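The structure under discussion appears below in the form of structure tokens.
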Amino acid sequence: MKLSIGLPVLLGILSSAIWGQQTPGSANFITATCKRSLVQLDLPSQYVYNMFVTFSALDQYGRSFEISDELARQCGYATTWDPWGNIKFRASLLSCYAQISDVNSTLTMRIDISPNPDKSRPVTYIKQASCPYVWNAREILCEVNYMEVSVRRKIPMIAESAFPDEPEDWSSAFPEAVAGLVSIWQVVFHLSSTRKAMLVSDAQKTGYGINTTESRILLRAPYKTAEAQLRKFGNVNFSVVRSTIFYKQRWVILLVDSAVACPVDDINYTTQMITWSVPKSISPLLIGSSSLKSSQVAFGVDLLTLTNREIINRNYVVIDNPQVTMVTVPIGASGGYYKSHVLNGTYGITYSINVFLEHTWEDNVWGVTKYTIIKDITTPFDPRPPAILNETVPATKKFNVSIGTFLADVQLVNVTVGLVTLTVQQLTGLNYISSVKHPNGSISFRLIIPFTDPIVTIQFVGDTTRAYVLNVTFGFNIIPNNETFISSIVIVTLVRDAVLPEPSGYCDQNSLNVIVKRGNVDANWVPYVQEIPLNQSKAQPDGISVTANSTHYTISVYRFSSKVMFEKRLNISCKYTTNKMLVVQYGYENPPTPGTQAKMGTITLVLRLSKDNTYSTFYNDTEYPVVKHLMEPLYFEVELLYSVDPQLELFLEYCWATASPDKTSFPKWNVVDNSCEFKETHQTIFHPVTADSRVKFPSHLKRFEVKMFTFMDGNRTFTGQIYFHCSAIICNAKQLFSDPLCTKSCIPSRQRMGRSVELVTERHKYVSSGAVVLKSGALPSIKQWHILTP
Ligand SMILES: *[C@@H]1O[C@H](CO)[C@@H](O)[C@H](O)[C@H]1NC(C)=O
Ligand SMILES: *[C@@H]1O[C@H](CO)[C@@H](O)[C@H](O)[C@H]1NC(C)=O
Ligand SMILES: *[C@@H]1O[C@H](CO)[C@@H](O)[C@H](O)[C@H]1NC(C)=O
Ligand SMILES: *[C@@H]1O[C@H](CO)[C@@H](O)[C@H](O)[C@H]1NC(C)=O
Ligand SMILES: *[C@@H]1O[C@H](CO)[C@@H](O)[C@H](O)[C@H]1NC(C)=O
Ligand SMILES: *[C@@H]1O[C@H](CO)[C@@H](O)[C@H](O)[C@H]1NC(C)=O
Ligand SMILES: *[C@@H]1O[C@H](CO)[C@@H](O)[C@H](O)[C@H]1NC(C)=O
Ligand SMILES: *[C@@H]1O[C@H](CO)[C@@H](O)[C@H](O)[C@H]1NC(C)=O
Ligand SMILES: *[C@@H]1O[C@H](CO)[C@@H](O)[C@H](O)[C@H]1NC(C)=O
Ligand SMILES: *[C@@H]1O[C@H](CO)[C@@H](O)[C@H](O)[C@H]1NC(C)=O
Ligand SMILES: *[C@@H]1O[C@H](CO)[C@@H](O)[C@H](O)[C@H]1NC(C)=O
Ligand SMILES: *[C@@H]1O[C@H](CO)[C@@H](O)[C@H](O)[C@H]1NC(C)=O
């Protein structure tokens, strides 16, 4: 503290000049509250969040002193931030630059709020507060960053007889004091074995705050000074500064004991509790006193005293006995707050609470002493690695993962699945993510991703089981401190592939019977005859009966039924002596296509794979399986063999590929669809056939190219063996009646070879290729064919 007596007028002018440059804003958003022997300013976060705030104290002349950490310790200020960015600023009513009277103190603070780290272009606010306070003979304040003691000046000179137990009594310090250069304003520190006298100005240079008010003498010390000693009382270490201040009053030199002691390791933590114990026998504060009278303890939060009822309601416990005051606060109790943190990449939480204890007692030396300890308690980091729960129900075909719980200050930022990172906005847009708020305010997140999303990996396990693999990493951010962490899990769900209904049949004396073994896809398959469902519970068409149980159903068609027959792709035929043929269809296409009676004949077809687009050389039987790369075109030719009838024409109705030689198996990929080049992706191209030395009857052949495609199974490229199959129709122009299959409008011109629509009797035949092995290496960007699922 600099003595600046004699300059007030000049400095007043200077400081108003400084003030003239800035227009202080309205400080109404800052609340000032008188709390015990302090004044507290509250700055709500919306005004100061992400801003750079400077506090300065104004003295009576309007001079401004910026409060650094060091000045705060010396002059009685403390600033704390909570996690939401609210700022609390506390000043002792005896802080430097306060105008202190016996009944009240007036403090004027200047607050500069700048958006810039260099604190440039601030908006300046001035806040003044006047707080009445009735001082006790001695007041000791243990703030979070300083210790302060003030004593009434009307203390009689200390008599030697007052210290019977202390060999290094106060009067023995007297020679040092009077021997000093300036005997007024001197302080003598009592160290463990010696004493150290200092001028007040020197003590202030080393960080002490020493001053007088109208009626009091004041010493303020940081916790760690050269003269502070660590001493243990009860189980607790205290920082102790023992000092005597010498001052001149009129013609006598007076000295006053200005010892101060504050606990430094008085808090213990368990996983559930905070325990705070403060012993009462702090001997440096009790020198000379024989007994404590009317000892009273107040406890509270945020400098407000709590009643016993409030203490009980909040589940705190305060135990006070003549030796010690012990407070327990359950972690999480009301009055404090939790905060999320990341340590070493791990999520965890802390709990913070601002508490105080105030012990007031009376003794025969000091009269009344008020001893106040303020503590900002924060529990040690408590790791809370989030629990990731796999709540996938395979039948829903969706991954269902929950992760949590977290405090509400945790934000989900992104989710990485495999190599793809989706932001929360994207996930929300897809409806993949939701957050769950729990009654206690904590949150968790739920991720739901369909198995069919391409970011899900599919692996095949055996023939009928596939593994859906979700390798997921959640990315989080904690606000407002922007600490980030991640959490990962790999979930594998095994799903049996669809098993389709499997029909088989047999004939007995009077009926044809189709037994269908239900698959696992859907228990509700219903066979139809034309538009009529063959439902057990309903009336069934004449001559047809259905019986069913949980695994099979059986359709019986009475031999002499008048019903028409039905066509498709799976035929079960029975031959009866009537020379009539029955064709019963079971299929997954609905409704079934109409069919006609058929006459049997000898039709032989061959499906060949040409070595190139000239259709001159073909792979022979010994060359199968033929290995092809995914992008390579395949040239197929179907030929009607052993016919010399130029009126016959072969049409391809359907061609498709399967992964097994069984043409009815799945997966299945369309190549020629309803006599047309497969339309969805135009991967199939018909090629015209012209007569040459090998081809006598071009109408007996069809050629098509399956062009550079990828077989996709789900969103996965299929590699391995595939087999091609075609169903062909042989139409005869000489027949008198028209056959709808021969006149289908969809038969494209290149197949039709210009024939009229009067083509007639059809023969219907399947033909299959040998195995073609598809090797991967295809570019993924080419058009994809998707598996057909029933
Ligand atoms: C001492 O207290 C007086 C009165 O409050 C004040 O004017 C002065 O600035 C203080 N001195 C120091 C060095 O703090
Ligand atoms: C406190 O003191 C100031 C002068 O320092 C005076 O203006 C104010 O009225 C006083 N307030 C109270 C409540 O006594
Ligand atoms: C007190 O401080 C000493 C020295 O730093 C330390 O060894 C001791 O453990 C502390 N006592 C308690 C109770 O923490
Ligand atoms: C804290 O716990 C330690 C170990 O149990 C004990 O030695 C110490 O006395 C406790 N401190 C307080 C202030 O209770
Ligand atoms: C951080 O984690 C590493 C590896 O798990 C461990 O070795 C290290 O001790 C941890 N550090 C802290 C401060 O917990
Ligand atoms: C999960 O993905 C990460 C990359 O995102 C990878 O490093 C890790 O090996 C994957 N884990 C498994 C089991 O596939
Ligand atoms: C395959 O991925 C595409 C987008 O890339 C998506 O539209 C389609 O639904 C997916 N299909 C399957 C069967 O997963
Ligand atoms: C995902 O979020 C985490 C945590 O916030 C972050 O570290 C990571 O960089 C983010 N990843 C991407 C690709 O943005
Ligand atoms: C946290 O991140 C946000 C958004 O990136 C940013 O505006 C803010 O300044 C950051 N806060 C801190 C304390 O770094
Ligand atoms: C996740 O849950 C599904 C369904 O219960 C189960 O099939 C799968 O094995 C589980 N995966 C993991 C990694 O626990
Ligand atoms: C269902 O019917 C089939 C064929 O009639 C029979 O083989 C099977 O045992 C029956 N299953 C049950 C559970 O009754
Ligand atoms: C099949 O073709 C290969 C290669 O062109 C040839 O060596 C072989 O003799 C042929 N086999 C038959 C039975 O034609």
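All values below come from the heavy atoms of this structure, side chains included, with hydrogens, waters and symmetry mates left out. Just follow the structure's listing: the first ligand is 1, and inside any ligand the first atom is 1. Note that this is a predicted model, so its numbers are computed, not measured.
- Under a cutoff of 6.0 Å and an axis angle of 45°, Lys663 and Tyr766 form a cation-pi pair.
- Side-chain contact of Asn477 with Thr484: a donor-acceptor pair under 3.5 Å is absent, judged by distance alone.
- The residue among Val516, Asn513, Thr554, Thr547 with a heavy atom at the shortest distance from atom 5 (O) of ligand 11 is Thr554.
- Protein heavy atom in closest approach to atom 14 (O) of ligand 8: Asn414 ND2, 3.3 Å.
- Heavy-atom contacts of Thr484 reach the following atoms of ligand 8: 4 (C), 5 (O) (cutoff under 4.0 Å).
- Protein heavy atom closest to atom 9 (O) of ligand 6, with residue, atom name and distance, is Asn471 ND2, 4.7 Å.
- Within the listing of ligand 8, atoms 4 (C), 5 (O) sit less than 4.0 angstrom from a heavy atom of Phe476.
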**Request:** Starting from the C-alpha separation in whole Å, work towards a yes-or-no answer on side chain to side chain contact (heavy atoms under 4.5 Å, CB included) for Tyr337 and Trp84.
**Result:** CA-CA 11 Å; Tyr337 57 81; Trp84 300 277; 3.5 Å; yes

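- The nearest protein heavy atom to atom 7 (O) of ligand 6 is not closer than 4.0 Å.
- The aromatic rings of Trp656 and His725 lie tilted to each other, with the angle between the two planes from 30° to 60°.
- Remark: the Tyr654 side chain and the Asn670 side chain contain no N/O donor-acceptor pair separated by less than 3.5 Å.
- Every atom of ligand 11 with a heavy atom of Asn549 under 4.0 Å away is listed here by number and element: 1 (C), 2 (O), 3 (C), 8 (C), 10 (C), 11 (N), 12 (C), 14 (O).
- Aromatic ring orientation, Phe406 versus Tyr347: perpendicular (interplanar angle above 60°, classes split at 30° and 60°).
- No donor-acceptor pair under 3.5 Å is formed between the side chain of Asn390 and the backbone N or O of Val401.
- Annotation: Thr416 places no N or O atom under 3.5 Å from an N or O atom of ligand 6; distance criterion only.
- For ligand 6, the atoms closer than 4.0 angstrom to any heavy atom of Gly418 are 5 (O).
- Using modelled atom types, one finds no donor on one side chain facing an acceptor on the other under 3.5 Å when comparing Asp662 with Ser660.
- Taking a distance limit of 4.0 Å, we find that atom 2 (O) of ligand 8 is approached by some protein heavy atom.
- At least one heavy atom of Val490 sits less than 4.0 Å from an atom of ligand 6.
- Checking Asn513 against Thr554 by side-chain atom types alone, no donor-acceptor pair falls below 3.5 Å.
- Using a 4.0 Å heavy-atom cutoff, Thr551 is listed among the residues neighbouring ligand 11.
- Here is the list of ligand 8 atoms found below 4.0 Å of a heavy atom in Gly475: 2 (O), 3 (C), 4 (C).
- With respect to atom 13 (C) of ligand 11, the closest heavy atom belonging to the protein is Ser550 OG, 4.1 Å.
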